[in-house]
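Note on naming: letters A, B, ... go to the chains in the order of the sequence lines (proteins, then strands), and numbering restarts at 1 for each one.
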2 protein chains.
Amino acid sequence: MADADIAEYQSKTLSNYLQAGNLMAVDCPSREVLKHLTSRWGVLVLIALQSGMHRYSDLRRKIGGVSERMLIQTLQWLEQDGMVRREALPVVPPHVEYSLTPMGEEAAEKVRALADWIEIKFPYIAAAQMQRKAG
Amino acid sequence: MADADIAEYQSKTLSNYLQAGNLMAVDCPSREVLKHLTSRWGVLVLIALQSGMHRYSDLRRKIGGVSERMLIQTLQWLEQDGMVRREALPVVPPHVEYSLTPMGEEAAEKVRALADWIEIKFPYIAAAQMQRKAG
DNA sequence: TACTTTTATGTAGGTACCTTCTAAAAGTAA
DNA sequence: TTACTTTTAGAAGGTACCTACATAAAAGTA
């Protein structure tokens, strides 16, 4: 932990951490969490992990089009936010298991509700888009 | 409507539009919709409009930190996707009213469920972040 | 020695989001 | 005439996401 982090940590009282976030406020740090959970790949990682533990390469296969770099990046964001648990087995070649924490399960449910809705409603959305272009 | 759009439109049969989206697929156009709904300002616009019609400047005031450019941009995405209805009154200075379509109401509910969850859980998330940095 | 495997990291470069500034429109008020 | 109103567009420039490619480690096999 860097000195700057320690200073920042100690400057905040417990009550600061008990306050709910306010996403409408300009500088509320909860916006960072929103950004991670709703990021291009964050959504898909959460949904993919809902069906249980996955290895890194499993996720890469499952989530079409994600690059190695961004998958790692996204997993690290979600791990840092306490949504994803990372377990590295001390073997060669490396074997790393990713799974959702209890908090991650809750987040994944919310995100999946939106994703499912989009998938089901997509025909209507596409139709609306066409109508608008044609109109 | 441009010729290219007409050609694209006619190349698709009705059944194409009745297929549900698949967000895990690389090139499924539903991913664009997901991107709009979960974009940095898209989430906040949907939630803000849940309490009814807002003028452009109302939204700008309500959503902390959004720039004029991005608010317009986001509203146009959501309008194009059929989530937001835009009504311009023919007066000077301009008076434009934005509101959710029925489909937008549904999307907003899903998005708000996630946002509410983040705001409530934020103290725990922040604590998790700190633990990780300190660990 | 060369090659394999899996999970990362580093870098170079592109793209798209995003902010800021400027400007337009046509009325009203000073 | 000048300033001010509200909504939107355009341009310039910054930043962060994102892709692609190269590199690394570690221990086993051909």
Side-chain angles (χ1 to χ4, degrees), chain A residues 23-24 26-27 29 31-46 48-49 53-81 84-99 132, chain B residues 23-29 31-46 48-49 53-81 84-99 132:
Chain A
L23 289 171
M24 289 296 174
V26 195
D27 47 8
R31 281 196 174 174
E32 272 303 298
V33 179
L34 178 66
K35 188 152 61 173
H36 296 161
L37 296 185
T38 62
S39 70
R40 177 167 182 191
W41 305 116
V43 172
L44 303 181
V45 164
L46 287 172
L49 287 180
M53 180 273 289
H54 282 66
R55 295 186 59 175
Y56 171 77
S57 45
D58 292 335
L59 286 173
R60 185 138 159 60
R61 245 186 313 277
K62 195 166 187 175
I63 302 174
V66 67
S67 67
E68 298 180 0
R69 197 80 172 72
M70 283 315 297
L71 181 52
I72 285 286
Q73 172 90 274
T74 303
L75 285 167
Q76 287 171 348
W77 284 334
L78 296 178
E79 188 194 357
Q80 172 69 30
D81 291 347
V84 162
R85 178 175 29 243
R86 175 182 182 278
E87 212 155 347
L89 281 66
V91 295
V92 168
H95 179 120
V96 180
E97 300 184 345
Y98 290 96
S99 54
R132 225 141 260 108
Chain B
L23 290 171
M24 289 296 174
V26 194
D27 47 9
C28 182
R31 279 195 176 175
E32 271 303 297
V33 178
L34 178 66
K35 188 152 61 172
H36 296 160
L37 296 185
T38 61
S39 70
R40 177 167 181 192
W41 304 114
V43 172
L44 302 181
V45 164
L46 287 173
L49 287 180
M53 180 272 289
H54 281 66
R55 294 186 60 176
Y56 171 77
S57 45
D58 291 335
L59 286 173
R60 184 138 159 62
R61 246 186 313 277
K62 195 165 186 174
I63 302 174
V66 67
S67 68
E68 298 180 0
R69 196 79 171 73
M70 282 316 296
L71 181 52
I72 287 287
Q73 172 90 273
T74 303
L75 285 167
Q76 287 171 349
W77 284 335
L78 296 178
E79 189 194 355
Q80 173 69 33
D81 290 347
V84 162
R85 179 174 30 241
R86 174 183 182 278
E87 211 156 346
L89 282 66
V91 296
V92 169
H95 180 120
V96 180
E97 299 184 346
Y98 290 96
S99 55
R132 226 141 258 108

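Mapping A:V92 and A:W41 onto DNA chain D by nearest heavy atom places A:W41 closer to the 5' end of the strand. Taking the nucleotide of DNA chain C with the nearest heavy atom to each of B:V66 and A:H95, the more 5' of the two is matched to A:H95.
In this structure, B:L71 atom CG and D:dT7 atom P are separated by 10 Å, rounded to whole Å. Separating the CD1 atom of A:I72 from the C1' atom of D:dC18 is a distance of 15 Å, rounded to the nearest angstrom. Between the CZ atom of A:R61 and the C1' atom of C:dT7 there is a distance of 13 Å, rounded to whole Å. The NZ atom of A:K35 sits 14 Å away from the P atom of D:dT15 (whole-angstrom rounding). For the pair B:R69 CZ and D:dA9 C1', the interatomic distance rounds to 7 Å; values are reported in whole Å. One atom, CZ of B:R60, and another, P of D:dT8, lie 13 Å apart when rounded to the nearest Å. Summarising the geometry, the separation between CD on B:Q73 and P on D:dA9 is reported as 10 Å, rounded to the nearest angstrom. Across the protein-nucleic acid pair, B:M70 atom CE and D:dA16 atom C1' stand 13 Å apart, rounded to whole Å.
Residues A:L59 and A:L75 form a side-chain contact, since some pair of their non-hydrogen atoms from C-beta on lies under 4.5 Å apart. Here the side chains of B:L37 and B:L78 are in contact, with some heavy-atom distance below 4.5 Å.
Not one side-chain nitrogen or oxygen of A:S39 sits closer than 4.0 Å to the OP1 or OP2 atom of D:dC17. Considering only side-chain N and O atoms, A:Q76 lies under 4.0 angstrom from the phosphate OP1 or OP2 of C:dT9. For A:R40, no side-chain nitrogen or oxygen approaches OP1 or OP2 of D:dC17 to under 4.0 Å. Listed pair A:R86 / C:dA8 meets the phosphate criterion, a side-chain N or O lying under 4.0 Å from OP1 or OP2. One finds no side-chain N or O of A:W77 lying less than 4.0 angstrom from the OP1 or OP2 phosphate oxygen of D:dA16. When the side-chain nitrogen and oxygen atoms of A:Y56 are compared with OP1 and OP2 of C:dT9, none of them lie within a distance under 4.0 Å.
Pairing for D:dT29 goes to C:dA2, judged as Watson-Crick or G-U wobble with the two contacts each under 3.5 Å.
If you check every strand for non-hydrogen atoms under 4.0 Å, A:E68 touches a base. Residue A:E97 is classed as having no contact, given no heavy-atom separation below 4.0 Å to the nucleic acid. Across all strands shown, A:G42 has no heavy atoms under 4.0 Å from either base or sugar-phosphate atoms.
With D:dT7, D:dT19, C:dT7 as the choices, the nucleotide that has an atom nearest any side-chain atom of B:V96 turns out to be D:dT7. Out of D:dT19, C:dT5, D:dT7, the shortest distance to the side chain of A:S67 is found at D:dT19. Proximity note for B:R55 (side chain, C-beta onward) versus C:dC17, C:dA8, D:dT6: the nearest is D:dT6.
A donor-acceptor pair under 3.5 Å is absent between the side-chain atoms of B:Y56 and the main chain of B:Y98, judged by distance alone.
Here CD of A:E32 is found 8.5 Å from CG of A:D81. Values are rounded to the nearest 0.5 Å. Taking CD of B:Q73 as the start and NE2 of B:H36 as the end, the distance is 8.0 Å to the nearest 0.5 Å.
Residues A:S39 and A:T74 share a closest heavy-atom pair of OG-CG2, 4.4 Å.
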